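Indexing begins at 1, ligand by ligand and atom by atom, following the structure's order. Since we're looking at a predicted model, the values are computed, not measured. For the single chain, residues carry numbers from 1 onward in sequence order.
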Amino acid sequence: MGFEIKRVGIIGAGQMGNGIAHVCALAGYDVILNDLVADRIKSGLATINGNMTRQVSKGLYSDAEKQAALARIGGSDNMGDLGDVDLVIEAAVEKEEIKRKIFAAVCPYLKPEAILATNTSSISITRLAATTDRPERFIGIHFMNPVPIMQLVELVRGIATEDETFELSKGFVTRLNKTYAVSEDFPAFMVNRILLPMINEAIYTLYEGVGSVDAIDTAMRLGANHPMGPLQLADFIGLDTCLSIMQVLHEGLADSKYRPCPLLVKYVEAGWLGRKTQRGFYDYRGEKPIPTR
Ligand SMILES: NC(=O)c1ccc[n+]([C@@H]2O[C@H](COP(=O)([O-])OP(=O)(O)OC[C@H]3O[C@@H](n4cnc5c(N)ncnc54)[C@H](O)[C@@H]3O)[C@@H](O)[C@H]2O)c1
């Protein structure tokens, strides 16, 4: 029998890390959820519990299945506890320096055949892989937010990623009941490369006075059948995140068509980052969202 993924370690218990732990445990994997901060593990586990309870009440699975899944997740703030996992998924903050440090810290504990994956949304897989002791066993497994709901996972091979790593990753995503799409390792991969310029263009449309916030969102919801308008979606993603992805595209592809809209920069400078700060293209402080322009 060849190598099989049975135990998964997740580094970073934030919104992505806890979502990844959630879907892995439900699929029958044993999970260790790691974070630098013990409190983040605690709140990550509480979030998983709450999200699973909601799914049980929707009839997606039974309470017994929920309990069994929760019992498969352990928390640890010690990287040494990742020694017997078969796959590590790094889902810590989007800072290259921090990711490099995490890989340097965890690799000495890992089995030689263990696969190391990153959930990065924008950093080059090839460049991250090159800093590790296992570029052949390194891959990008890019989940979408919120992980328990979104169907897609982007799989991104670095230049050195070997076929077995790729095949095992495909099997892993399939067992999570998700669908993968394979992307080459270029800035922002596929989903964000297409989605963010659309959002940026919606902000230019607002900036140039072609339409109001409400008119632009209504136009795209009813005219293009998008479930959310682009400005509403930008607020949901976070305007700081939108700006940093546009910067990655602009710098990484050196093409002026990716220049971030000055109005997006202004909102970020104001600290109006969308839902998470209660204000962005909409003001969320009242009962219902009110357009800010
Ligand atoms: N938020 C999204 O929509 C989204 C979507 C796809 C991918 N991603 C990517 O997923 C990753 C995580 O994003 P997030 O939104 O969950 O962030 P987050 O801020 O919610 O969580 C990050 C967690 O990492 C922990 N952490 C930081 N340094 C650590 C270390 N050295 N060791 C262990 N844990 C550490 C933090 O304590 C925090 O709990 C990023 O690379 C991001 O680009 C995010």
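- Listed by chain and number, the residues in a ring pair (Phe, Tyr, Trp, His ring centres under 6.0 Å) with Phe103 are Phe138 (sequence neighbours excluded).
- Aromatic ring pairs are classed by plane angle as parallel below 30°, tilted from 30° to 60° and perpendicular above 60°; the pair Tyr204 and Tyr207 is perpendicular.
- Taking Phe189 as the reference, His142 meet the ring pair (Phe, Tyr, Trp, His ring centres under 6.0 Å) condition, with sequence neighbours excluded.
- No donor-acceptor pair under 3.5 Å is formed between the side chain of Asn119 and the backbone N or O of Ile89.
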May I have every N or O pair linking ligand 1 to the protein at under 3.5 Å, one per line with atom names and distance?
unit_1   : atom_1 : unit_2 : atom_2 : d
ligand 1 : 1 (N)  : Gln15  : NE2    : 3.4
ligand 1 : 3 (O)  : Asn145 : ND2    : 3.3
ligand 1 : 8 (N)  : Ser121 : OG     : 3.3
ligand 1 : 10 (O) : Asn119 : ND2    : 2.9
ligand 1 : 15 (O) : Gln15  : NE2    : 3.2
ligand 1 : 16 (O) : Gln15  : N      : 3.3
ligand 1 : 16 (O) : Met16  : N      : 2.8
ligand 1 : 20 (O) : Gln15  : N      : 3.1
ligand 1 : 34 (N) : Leu36  : N      : 3.3
ligand 1 : 37 (O) : Asp35  : OD1    : 2.7
ligand 1 : 37 (O) : Asp35  : OD2    : 3.4
ligand 1 : 39 (O) : Asp35  : OD2    : 2.7
ligand 1 : 39 (O) : Arg40  : NE     : 3.2
ligand 1 : 39 (O) : Arg40  : NH2    : 3.3
ligand 1 : 41 (O) : Ala92  : O      : 3.2
ligand 1 : 41 (O) : Glu94  : OE1    : 2.5
ligand 1 : 41 (O) : Lys99  : NZ     : 2.8
ligand 1 : 43 (O) : Glu94  : OE1    : 2.8
ligand 1 : 43 (O) : Ser121 : OG     : 2.6

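- With sequence neighbours excluded, the residues forming a ring pair (Phe, Tyr, Trp, His ring centres under 6.0 Å) with Phe281 are Tyr267, listed by chain and number.
- Hydrophobic cluster membership is shared by Ile41 and Val23, with clusters built from Ile, Leu, Val, Met, Phe, Trp and Tyr side chains linked at under 4.5 angstrom.
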